[in-house]
*Asks:* 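Before I ask anything, let me first share the structure, which is written out below as C-alpha cells.
Positions are given from 1 along the sequence. Predicted, not measured: the structure shown is a model, and the values here were computed from it. Only heavy atoms go into these numbers, but all of them, side chains included; no hydrogens, no water, no symmetry mates.
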Amino acid sequence: MGKRFRLPNGYGSVYKLSGKRRRPFAVAITVGYDEYGKQIQNIIEYATTREEGLDLLSKYRQNPYDLNYKDLTFEYIWTNNIVSKLEELVKKKKMSEGNLDSLTNAFKNHCIPLHKEKVLNLKKVKMQNVIDNAKNKHNNELLGYTAKGFMITVCKYIFECAIDDYELPIIKNPTEKLSAGENESSNKHIPFTKEEESILWGMQYIDLVKIILIMNYTGNRPNELFKADREKMFIDLDYFVTGSKTEAGKDRPIPIHPKVKHLFLYFYNKGAKYPFQTIFEKFNYSKFSREYTKLMKELGFKHTPYDSRHIFATKMKKAGANEYILKKILGHSIQDLTEKVYTHRDIEELLNEVRRIN
C-alpha cells in the first residue's frame, strides 16, 4: 500500500494504492477507531490524482451521506423503489397501465447499458449516449422521440429517488438536460386517401384491418379500444364505453357508426372479455404496432396507429359535427363552463353527429 497523505485527525485520507490502476488514489473516511485507537476507514471513492481525491473528500465532508448507499446501481433503485411507486400510481388512477408498460419496456429493453452503473457516478453524457443510440430490437432502427422520452423519464425517476429517498450527494441532477431530440410527430398524422380507405374496406376480412377501420370511425386511441370490456359494449344500443389517459377521457360513451357495426359484432361474438385483443395470441400493444407497421409497408401506406384518431377528428370537422360532442367522443377536456355542466348528452345525440361522416 502506498504512502498516506496526512490530513487533520478524523478528517479522512487520500492515499495511493500499489500496482497499475486507472484510478490509483483511494479516498477514505474515518468511521471509528479500533481497541488500539487506530482509525477504521471506509473507502468512499477512487481518483486518478491526489488533487482529485482531495476534492472528492472535501465534497463528502461538506455533504456526508450514508456510505451503505454509495454503490447503489441504476437497476437496484428501479427494481427496489421505482416499480412499486409506479404500480401504486396505477392503482390510484394517477398513471395509466399503458404508461407503466412503456416505462417498463424502456427500462428492460433500452436502458440495459445503464443497469449496472452506480448512480452516484453516473453522468449525463453516459445516459445521453445510451438514449441517442437506443434501437428498436425488432427492426434495429433508432428509437423515435416518444420512446426516447420514456427512457428519459426512467432516468428521472431513478435520480429523484437517489436524491430524495437515499439522500445521495448529487448536487446537480444530471437528468435535467437529457434530450430525446426533435419531436417530428407534430406533422406525422396523414389522413387516409379515398383510394387507401377503399383498399382497406376491400381487405376487411383481415382482423387487423377490421381494427383499423373501427378506429377510423371511433377516434379511439389503440389502447382504449384494446381495453374495451365486452360487458361495456352495448351494440344493440349502438355504443360502447371505454377510455383512459385523462379524467375527461375515462369511461366515456363512444357511438358505433353504422358502417362498422358488423365489425364490432364480429369481435363481440368471440366472447372474450377484451374482444379486440383476440386479433393476436398473447396480445400486447407492441405486437399490434409491429404488425400495423408491417401491413402499412406492404400496402405502400405511410400511417401510424394514432393516425386513425386524427382521421376521425378530420372527418367529423369536415362533416360539420358539433365541436363539443367531438371533444366528448375523443375524451378531450372541455373549457367552456356552460358546456362542461352539460355532461350527460344523450347517446342518440352522439350517434347523430357520428352519422354525419360516411
Side-chain angles (χ1 to χ4, degrees), residues 1-83 85 106-107 110-134 151-179:
M1 188 173 292
K3 179 183 177 183
R4 289 176 181 263
F5 294 91
R6 294 186 63 81
L7 290 167
N9 287 338
Y11 185 84
S13 63
V14 177
Y15 56 90
K16 191 172 184 180
L17 301 170
S18 61
K20 292 184 178 181
R21 302 168 184 265
R22 187 170 62 86
R23 294 186 294 169
F25 289 88
V27 182
I29 62 158
T30 301
V31 294
Y33 296 86
D34 63 19
E35 58 183 313
Y36 303 106
K38 186 177 180 180
Q39 295 182 43
I40 300 173
Q41 293 189 317
N42 279 353
I43 295 176
I44 62 172
E45 190 55 270
Y46 295 94
T48 55
T49 65
R50 177 178 182 273
E51 289 71 23
E52 180 188 353
L54 290 170
D55 182 58
L56 289 170
L57 182 56
S58 174
K59 288 178 178 178
Y60 173 81
R61 301 310 308 186
Q62 294 173 37
N63 187 19
Y65 58 93
D66 190 334
L67 292 178
N68 291 322
Y69 300 148
K70 73 183 181 70
D71 294 327
L72 290 180
T73 64
F74 192 91
E75 181 179 39
Y76 180 92
I77 293 179
W78 174 268
T79 304
N80 292 278
N81 298 88
I82 307 303
V83 171
K85 288 183 178 182
F107 173 80
H110 306 310
C111 293
I112 294 174
L114 302 174
H115 283 187
K116 302 304 179 184
E117 292 285 334
K118 295 179 182 179
V119 174
L120 193 56
N121 300 332
L122 189 53
K123 306 300 182 185
K124 171 184 176 284
V125 64
K126 170 75 174 181
M127 289 183 283
Q128 189 64 65
N129 183 60
V130 171
I131 292 167
D132 290 342
N133 293 288
M151 293 180 68
I152 291 175
T153 301
V154 167
C155 294
K156 287 182 179 293
Y157 272 123
I158 288 172
F159 270 84
E160 287 171 3
C161 179
I163 295 169
D164 296 337
D165 297 349
Y166 290 105
E167 298 183 339
L168 291 180
I170 301 170
I171 298 172
K172 187 176 182 180
N173 190 332
T175 66
E176 290 178 357
K177 293 187 177 181
L178 290 175
S179 172

*Asks:* What is the minimum heavy-atom distance between Phe74 and Val119, and which atoms define it?
*Replies:*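 Scanning both residues, the minimum pair turns out to be N-CG2, 3.6 Å.
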
*Asks:* Taking the side chain as C-beta and beyond, is there a heavy-atom pair between Pro113 and Asn129 under 4.5 Å?
*Replies:*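 With C-beta onward as the side chain, the pair stays apart.
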
*Asks:* Could you pull out the closest heavy-atom pair between Val154 and Ala106, with the gap in Å?
*Replies:*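 Heavy atoms of Val154 and Ala106 come nearest at CG2-CB, 4.1 Å.
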
*Asks:* Quick one: OH on Tyr157 to CZ on Phe107, what's the gap to the nearest 0.5 Å?
*Replies:*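 If we round to the nearest 0.5 Å, Tyr157:OH and Phe107:CZ are 14.5 Å apart.
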
*Asks:* Distance check, rounded to the nearest 0.5 Å: Leu72 atom CG versus Leu168 atom CG?
*Replies:*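 Separation between the atoms: 6.0 Å.
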
*Asks:* To check you understand the geometry: which heavy-atom pair defines the closest contact between Ala47 and Gly53, and what is its length?
*Replies:*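 Taking every non-hydrogen atom into account, CB-N, 3.5 Å.
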
*Asks:* For a side chain to side chain contact (heavy atoms under 4.5 Å, CB included) check, start with the C-alpha distance between Leu114 and Met151, then their side-chain angles and the critical distance, and finish with the verdict.
*Replies:* CA-CA 11 Å; Leu114 302 174; Met151 293 180 68; 5.9 Å; no

*Asks:* Do the non-hydrogen side-chain atoms of Lys123 and Pro174 ever get within less than 4.5 Å of each other?
*Replies:*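 They are not in side-chain contact.
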
*Asks:* By side chain to side chain donor-acceptor pair (under 3.5 Å), which residues pair with Lys116, not counting sequence neighbours?
*Replies:*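 Lys116 satisfies side chain to side chain donor-acceptor pair (under 3.5 Å) with Glu75 only.
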
*Asks:* CG/Leu122 to CD1/Ile158 distance, rounded to the nearest 0.5 angstrom?
*Replies:*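 Spacing of CG (Leu122) from CD1 (Ile158) equals 9.0 Å.
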
*Asks:* Who passes salt bridge (Lys or Arg N to Asp or Glu O under 4.0 Å) against Lys156, sequence neighbours left out?
*Replies:*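 Lys156 satisfies salt bridge (Lys or Arg N to Asp or Glu O under 4.0 Å) with no other residue.
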
*Asks:* Yes or no on side-chain hydrogen bond (donor to acceptor under 3.5 Å, both in side chains) for Asn121 and Glu117, after CA distance, side-chain angles and deciding distance?
*Replies:* CA-CA 8 Å; Asn121 300 332; Glu117 292 285 334; over 6 Å; no

*Asks:* When rounded to the nearest 0.5 angstrom, what is the spacing between CD1 in Ile82 and CD in Glu160?
*Replies:*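 Rounded to the nearest 0.5 Å, the CD1-CD separation comes out at 8.0 Å.
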
*Asks:* Which heavy atom of Asp132 sits nearest to which heavy atom of Ser179, and what is that distance?
*Replies:*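 What the structure gives for the nearest pair is OD1-O, 4.3 Å.
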
*Asks:* Would you give the length of the straight line joining atom CG of Asn133 to atom CD of Gln128, rounded to the nearest 0.5 angstrom?
*Replies:*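 It comes to 9.5 Å.
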
*Asks:* Does the His115 side chain pair with the main chain of Thr73, one donor and one acceptor, at a distance under 3.5 Å?
*Replies:*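 Answer holds: no.
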
*Asks:* Quick check: closest heavy atoms across Leu178 and Met127, and the distance to 0.1 Å?
*Replies:*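 Looking at all heavy atoms of both residues, the shortest contact is CD2-CB, 4.0 Å.
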
*Asks:* Can you measure from CG (Leu120) to CZ (Phe159) and round to the nearest 0.5 angstrom?
*Replies:*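 Nearest 0.5 Å value for the CG-CZ distance: 8.5 Å.
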
*Asks:* If you take all heavy atoms of Cys161 and Asn81, which pair is closest and at what distance?
*Replies:*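 In terms of heavy atoms, the two residues are closest at SG-CB, 3.6 Å.
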
